[in-house]
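By convention in this document, chain letters (A, B, ...) are assigned in the order of the sequence lines, proteins followed by strands, and residues within each chain are numbered from 1.
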Amino acid sequence: MSSTSQKHRNFVVEPMGEKPVTDLAGIGEVLGDRLSHAGFDKAYVVLGQFLVLKKNQELFKEWMKDVCSANSKQSTDCWQCLSDWCEEFL
Amino acid sequence: MVDVDKLSDGELRTKLIEFGFPVMPITGTTRKVMVRKLKLLLENQNKVGSSDGRRSLGRYSSEEDSDADVKTTKNQKNRRATMAAPVSSTGMVTRKSVVEPVLRSPKKQIRTTTSTTTRSSRIMQAVKDDFDTGSDSESDILASSKSKPDSGSNNDDSYGDVGLNSRSSALKSPLSTSSSRYTSPKSDDFGYSSTRDSNFYAPPSPSRYTSTFSEIGGTGSGSATYGTDKLNQVRARLSLGNPAHEKPSSYNPIPASSNVTLTEHDTPFLSNFTRRLSALSAAKKAEHDKNDLVKEHDSNGFTPYTRRPYVSKTTRGRESIYDLKARRDGSDRKSNFVSYAVLAVVALFFIVLAVVYLGMASDTSVVSSGYISPICDPEEIESKKGVHCLLKDHVQSAINLLNVLRPELQKKSLAYHCTDPTIKPQMTEAEIVKFCLTNYAVNNAAKIKNDLRNLEVMIFLNPEWKIDVAQTDTNEGAATKENIVKNMEQVLFNIDKKVTSLVMLHPELPYKCVIYNYFVSALYSLAMLGIIFAALFVLRLSLKFYGRYEQKQKEEVNSMVEKILDILQNTTSEGADINYVVINHVRDAILNVNDRTAKQKLWEKAVKYISENESRVRTEVQSVHGESFDVWRWIGSANLSMTGNSPRKGVWQGQAFDTDPGAANSLTHAPTPCLKIRGMLEEGAGPLAATAARDAVLSKIAHRCRILHCHAEVQCGVVYLKCGNEDDASVAFKNLHGWWYSGQLVTVKYLRMERYQERFPDAPSGPPYLRSAKPCDD
């Protein structure tokens with residue numbers, strides 16, 4: 001596994017609070033916009049979806065692809081990010 | 001295929017569960033994903049062709065099971081057929097042809113089979129009936145009433161078979177049961193051979209079967225035939241309303257004829273007598289039907305005598321194994337009975353004799369002769385008269401007095417021993433005189449007294465009267481063995497000082513009284529035993545209870561001590577200046593307000609325990625707020641209990657060895673500004689651990705030297721560090737090498753600049769320097 005991105009580390013070190021969805025690793029301007037349009041404007045909403053899918057990577061990636069047409073790397077990053085965050089704070 | 005998109009949420013969920021997919025909430029946002037998943041699964045299923053989900057798998061296995069069942073029943077049936085074959089192949093064939101048309105439902109089959117299994121007894125009865133044409137119905141009832149346990153056990157055994165049969169096809173099962181109808185070898189399955197009597201009917205081997213058959217001649221086979229006929233009839237009756245039996249007339253004759261062929265086949269030398277017999281039995285069938293029905297319902301109990309009439313009649317002029325055996329059986333029982341009866345009579349006789357004897361034993365209330373009477377020699381010295389001897393004419397009056405007194409004494413003694421212990425058994429001289437005066441027409445008290453003295457003399461000489469002379473100090477209480485006087489001299493010596501009396505110490509007690517006395521004494525000793533046992537039990541119980549109480553007390557003390565130590569450790573580790581605690585405060589912290597007085601003792605024990613056994617706590621007197629208190633000071637290390645369990649995470653724990661420049665373990669000066677730190681990360685640790693390790697390194701040295709770049713590699717568990725220059729690297733080396741971090745020893749090596757650049761091309765070579773959020777000060 002390669003080292004994680006700065007964005008990932010920044011997200012994982014503290015509680016997410018009211019952070020926007022774009023603070024999630026793997027989600028940039030474009031994806032963030034799409035997610036916001038789909039109603040997922042905050043990181044915690046995505047977290048909710050992540051939890052509803054029972055942290056299942058496959059399903060989560062599928063969902064990401066579906067809702068904001070994220071590619072594999074982006075969705076993996078996002079999943080990893082949320083997973084790590086949960087490991088730390090949930 | 002179902003349109004997955006149109007399924008409701010619930011249906012979708014159940015579908016997914018069917019595929020063994022984990023249950024997930026189907027919501028608006030997850031629905032799409034789930035639908036796609038389900039589609040994928042359905043596609044996969046079709047592609048692989050493994051359309052058997054878990055459910056269908058279960059169905060398959062059950063089908064296989066039932067297949068196996070059928071197979072086993074088939075096997076069973078085959079086994080039976082082959083085993084039954086040696087008996088008579090023609091018989092088998094005919095029987096098959098008879099039974100095959102009889103199609104029954106499994107339920108009916110059970111009933112029928114049950115009826116067949118009671119056959120052994122019925123055959124017996126049938127045979128018996130055959131011969132007991134003139135027998136009274138009572139013996140019939142007797143016989144039938146005794147055949148139940150046998151048939152009952154048969155029923156039990158046969159239920160397994162019934163189950164099998166009912167599972168297999170209806171066509172096969174009647175065959176198997178019917179093939180077992182004759183007492184063929186495999187009737188062992190039914191447990192016939194377990195009883196002695198049925199042994200004959202169910203010989204264990206075919207050869208024996210046939211031989212016995214031939215030996216018995218027509219009688220045996222005839223009986224078998226008859227039994228079968230009867231059986232069929234009963235079956236027909238039992239399964240009334242069964243379409244197969246609606247025409248019993250067409251059904252019944254066939255087995256009869258087949259049986260005849262069988263018997264003819266087996267016993268070619270059947271006598272005419274037997275043939276006539278079977279014909280007779282067939283004629284009599286009708287009138288026995290009713291009887292049999294009654295028997296079947298009422299019979300319970302089995303007797304060895306059931307067979308006797310049959311035995312006595314079949315053995316006429318014929319000596320066969322069976323006959324011998326049967327006769328022996330019968331005679332055994334008969335002789336047994338006779339011997340038992342004789343024994344009983346003898347015992348009874350002796351008992352009666354004993355009773356009579358005991359009753360007769362003591363009726364000697366009147367003494368008239370057979371006593372020793374010491375007649376005084378007139379020439380002897382005068383003084384001895386009245387002590388050792390009597391005058392001749394005094395003897396008779398003394399005996400008269402004895403005869404008067406004896407019943408009274410007996411009565412009193414009995415009363416004393418049996419009914420009322422307060423009644424005295426003895427009669428004093430005064431009482432005797434009074435008794436004689438009141439009850440008899442004697443007026444001379446002096447004469448009575450004189451006679452009494454003479455009687456006493458005679459009593460000493462005639463111990464068989466069982467009367468003793470006793471002398472007691474007072475007339476209070478009963479005279480006992482100690483009071484008995486040995487001879488007349490003593491009596492005369494003490495006559496003025498003590499009360500002289502006659503007593504019967506060992507009277508002839510009636511049985512009732514003896515039994516009662518025994519009973520009372522037994523009860524008494526039982527009660528004593530009971531009391532002793534009860535006392536022991538109570539003692540044991542209390543010991544047990546005490547032990548448990550002690551244990552509980554000890555546990556409570558231990559837990560309290562633990563709590564105290566906890567509190568002491570906590571106060572110490574909190575880092576307050578005062579590392580002692582007032583003892584009373586500890587108590588108040590541990591115990592509730594309600595418990596304080598109740599648990600005072602416990603607390604004292606705990607305090608004692610700590611002062612005696614806890615080396616890490618010192619009890620001393622300290623003044624707290626101007627008042628002096630007994631306090632506990634914790635002198636052990638604060639986190640003694642914690643270090644044992646797990647090393648604290650993410651903490652620098654101290655230096656293992658000296659790393660000043662020039663020391664044995666370090667270079668005099670740093671060759672490069674780059675360092676490689678090992679031991680901070682475990683290999684393959686998560687990114688979080690890497691971050692934590694990096695932060696720890698920074699917090700340790702970032703405020704002591706200038707650091708340009710720091711990176712934690714998770715794969716190999718190494719932290720790379722680039723410092724501002726060689727001096728900074730030296731400082732970092734000194735502060736990291738040989739330190740404990742999270743329970744692990746950290747080692748540091750210098751790394752060549754080029755290698756570092758290769759690995760981290762983007763590492764900065766100038767300011768800004770890295771800073772740590774919370775510098776560590778040790």
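- Contact tally against chain A (heavy-atom pairs below 4.5 Å) for B/R36, B/H711, B/M34, B/K32: the top residue is B/R36.
- At most 12 heavy atoms of other shown residues, nucleotides or ligands fall within 6.0 angstrom of atom CD in A/E29.
- In this structure, A/R34 places its CZ atom where more than 12 heavy-atom neighbours from other residues, nucleotides or ligands lie under 6.0 Å away.
- For A/K65, the NZ atom sits in a loose shell: 12 or fewer heavy atoms of surrounding residues, nucleotides or ligands are nearer than 6.0 Å.
- One finds the OG1 atom of B/T691 at 9.0 Å from the CD atom of A/E88 (value rounded to the nearest 0.5 Å).
- A/W63 and B/T29 make their closest contact through CD1-O, 3.6 Å (heavy atoms, listed as atom of the first residue, atom of the second, distance).
- Residues B/L688 and A/D84 share a closest heavy-atom pair of CD1-O, 4.4 Å.
- Residue contact with chain B, scored on non-hydrogen atoms closer than 4.5 Å, involves the backbone and the side chain of A/E62 alike.
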